[in-house]
Protein chains: 2
Amino acid sequence: MEEFENQELFKKNNIKNTKHRNLVLDVLKESQFPITTEDIYLKLQERGAHISLSTIYRILDVFANKGMVVKAIISEGSKAMVELQHLEHKHHLICKECNKIVAIEDCPFEEFAKALEKKTDFDITGHKLEIYGYCPACKE
Amino acid sequence: MEEFENQELFKKNNIKNTKHRNLVLDVLKESQFPITTEDIYLKLQERGAHISLSTIYRILDVFANKGMVVKAIISEGSKAMVELQHLEHKHHLICKECNKIVAIEDCPFEEFAKALEKKTDFDITGHKLEIYGYCPACKE
DNA sequence: GTTTATTTGCAAATCATTCGCATTCGCTTT
DNA sequence: AAAGCGAATGCGAATGATTTGCAAATAAAC
Ligand SMILES: [Mn+2]
Ligand SMILES: [Mn+2]
Ligand SMILES: [Zn+2]
Ligand SMILES: [Zn+2]
């Protein structure tokens, strides 16, 4: 049935239902937090899947173009890595010290969007929000 | 006086006031919207400044570590380019079709942050927010 | 099953970012 | 104002991430 959900999603987005897209999508679904292309690659390797890194890049491109995932730079630190957002709508609170990530369920933006649409005459379809600070352990 | 403001900012952030940091900061200040490292490089070239691309990378790293600028991936499209946010607190509304960018003055997040701090016990220091949709001309 | 367009693996190419080291520069101390 | 010293810079090379070309495999449609 996990498979079935995937298939639906592919159909809805007009892309072929391939073995590799299923693998990548499964990893994305399981992942609580944004992950890198490399992370996905390694996870699939562990599971014994035979998939090439460039295929994952291509799949993520397709997913991103279809709006199924979102790219972002998360850790503020030295390396600004490209990552993927989870499919559900949620945001993250990231510790600038230890990089701990906490998922936020609420989104303060929903109501604001309506007003903004009126003001700007845009058709607003989505947003990215990431929140930074220091976690309980790291703030002193 | 522009120079003076820069100098103040450098002092406040405990970094040396160098010719190149001034140049880069000026470009950032002028720029209404986020720009890439390369953009800055080209702008400075046009002005006849002699500066190396790696120096700009290094300066932007310093600025980012001091919280003077923020890195993000803006355009959702094919190339996920790393960019820099303007110094003032503002957000952007980006057209997914024509890439038009409109600056948003209000921020819906301020109040939400307080509640979130209480709930998570984080010390929240900042956030990134980008909004996507279709501009008046492109929505149909 | 056959057909056809799409997807994939693999290796090579490209692009962005970082690094090493010699030189220059900014700030502090005489 | 000169000297000293650590930090910043230029340049080219190295690294790392992402993209691309092309032949082979696969999925969807017939
Ligand atoms: Mn939201
Ligand atoms: Mn804000
Ligand atoms: Zn922490
Ligand atoms: Zn538009």
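The chains referred to below are lettered A, B, ... by the order of the sequence lines, with proteins before strands, and numbering in each begins at 1.
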Atom-pair distance (CG on B:Leu42; P on C:dA16), nearest Å: 11 Å

Separation of atom CD1 in A:Ile56 from atom P in C:dC10, rounded to whole Å: 12 Å

Selection from C:dT7, D:dT9, C:dG26 that lies nearest to any side-chain heavy atom of B:Lys19: C:dG26

Value in whole Å for how far the C1' atom of C:dA5 lies from CD1 of A:Ile15: 15 Å

d(NE2, A:His20; C1', D:dT26) in whole Å: 10 Å

Closest to the B:Tyr57 side chain, choosing from C:dT18, C:dT8, D:dT9: C:dT18

Minimum-distance nucleotide (side-chain atoms of B:Thr37 versus D:dA17, C:dT17, C:dT8): C:dT17

Validation row, ring centre B:His91 to ring centre B:His127 under 6.0 Å: yes

Considering all heavy atoms, the nearest B:Gln7-B:Asn17 contact: CG-ND2, 3.5 Å

Sugar-phosphate, base or nothing in reach of A:Ile51, heavy atoms under 4.0 Å: sugar-phosphate

Nearest-nucleotide comparison on DNA chain C, the residue closer to the 5′ end among B:Ser54 and B:Lys16: B:Ser54

Which residue lies more 5' along DNA chain D, comparing A:Arg58 with B:Thr18 via nearest heavy atoms: B:Thr18

Nucleotide nearest A:Asn17 (side chain, heavy atoms from C-beta), chosen from C:dC10, D:dT9, D:dA28: D:dA28

Pair listing, salt bridge (Lys or Arg N to Asp or Glu O under 4.0 Å) test, anchored in residues 118-127 of chain A, at least two apart: A:Lys119-B:Asp106, A:Asp121-B:Lys139

Whole angstrom value for the distance that separates P of C:dG26 from CD of B:Gln7: 12 Å

Check: A:Lys66/A:Asn14 side-chain N/O donor and acceptor closer than 3.5 Å: no

Short side-chain N/O contact from A:Thr55 to OP1 or OP2 of C:dG9, under 4.0 Å: yes

Lys/Arg-Asp/Glu bridge criterion (N-O < 4.0 Å) met for A:Glu30, A:Lys43: no

Protein-nucleotide distance (A:Leu60, atom CG; C:dT8, atom C1'), rounded to Å: 14 Å

First encountered from the 5' end of DNA chain C, between B:Leu53 and A:His50: A:His50

Sugar-phosphate only, base, or nothing, as touched by B:Ile59 at under 4.0 Å among non-hydrogen atoms: sugar-phosphate

Interatomic distance, B:Tyr41 OH vs C:dT17 C1' [rounded to whole Å]: 14 Å

B:Asn22 CG to D:dT9 C1', straight-line distance once rounded to whole Å: 15 Å

